[in-house]
Amino acid sequence: MARVATSGGRLHRKNFLFSTSPEGAHANAILMSIIETCKANALDPMTYLTEVLDEMAQYPENRKFEYLGQYLPWNWKQS
């Protein structure tokens, strides 16, 4: 069981080999971090990303950044 849980890191490490720039590798690392955090918090990563991106697209420009914490995976309330 533990071997299966830790094998995901090897897959992500191999994915970084296909990044064509340091910026692409950084973006890939951020996305993989979000996905793994979703899994650790018993969230479906695709559902989480879809709902968060839909809500943030409608996020008022004048709203303060302090409210962004509600969108973190461990604070997320599925609708």
Side-chain angles (χ1 to χ4, degrees):
M1 183 68 112
R3 183 173 170 234
V4 173
T6 60
S7 65
R10 280 182 288 196
L11 176 63
H12 300 313
R13 188 170 52 228
K14 287 182 181 180
N15 286 340
F16 296 132
L17 294 173
F18 298 103
S19 297
T20 58
S21 68
E23 293 82 11
H26 186 207
N28 192 4
I30 291 170
L31 185 59
M32 291 299 138
S33 177
I34 292 170
I35 289 170
E36 291 302 321
T37 304
C38 286
K39 290 178 185 178
N41 287 281
L43 296 172
D44 175 46
M46 188 66 173
T47 303
Y48 168 78
L49 288 170
T50 302
E51 290 180 6
V52 166
L53 292 175
D54 282 345
E55 280 199 30
M56 291 191 83
Q58 301 167 20
Y59 198 77
E61 289 183 34
N62 61 351
R63 197 162 175 197
K64 297 186 179 197
F65 288 114
E66 62 195 38
Y67 295 107
L68 291 176
Q70 70 190 19
Y71 296 107
L72 296 172
W74 51 87
N75 293 335
W76 182 249
K77 305 288 187 244
Q78 288 183 323
S79 54

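Numbers for residues simply follow the sequence, beginning at 1. Here the structure is a predicted model, which is why all the values come from computation and not from measurement.
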Of the non-hydrogen atoms in [X] and [Y], which two are nearest, and what is the gap between them?
{"X": "Q70", "Y": "W76", "value": "O-CE3, 3.8 Å"}
{"X": "G69", "Y": "N75", "value": "O-ND2, 2.8 Å"}
{"X": "L43", "Y": "P73", "value": "CD1-O, 3.4 Å"}

Practice task
Give the other cluster members for W74, using side-chain heavy-atom distances under 4.5 Å between Ile, Leu, Val, Met, Phe, Trp and Tyr residues; answer none if it is isolated.
Solution key: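 Other cluster members: L72.
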
Problem - Contacts of type side-chain contact (heavy atoms from CB on, under 4.5 Å), residue S33, not counting sequence neighbours - result: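 S33 satisfies side-chain contact (heavy atoms from CB on, under 4.5 Å) with T37 once adjacent residues are dropped.
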
Exercise for the section: Under the side-chain contact (heavy atoms from CB on, under 4.5 Å) rule, collect the residues that match up with I30, sequence neighbours excluded. Expected result: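 By the side-chain contact (heavy atoms from CB on, under 4.5 Å) rule, I30 matches H26, I34.
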
Practice task
Return the set of residues passing side chain to side chain donor-acceptor pair (under 3.5 Å) with N41 (not counting sequence neighbours), or none when no residue passes.
Solution key: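 Partners of N41 by the side chain to side chain donor-acceptor pair (under 3.5 Å) criterion come out as none, since no residue qualifies.
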
Practice task
Applying side-chain contact (heavy atoms from CB on, under 4.5 Å) between T50 and each of L53, D54, T47, report the one that passes.
Solution key: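 One option only clears the test, and that one is D54.
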
Exercise for the section: Check the hydrophobic clustering (I, L, V, M, F, W, Y; side-chain heavy atoms under 4.5 Å; chains of links allowed) and say if M46 and I35 are grouped together. Expected result: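 No, M46 does not connect to I35 through the hydrophobic network.
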
Handout entry: Atom pair CE (M56) and OH (Y71), whose distance is rounded to the nearest 0.5 Å
Key =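 With rounding to 0.5 Å, CE (M56) is 6.5 Å from OH (Y71).
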
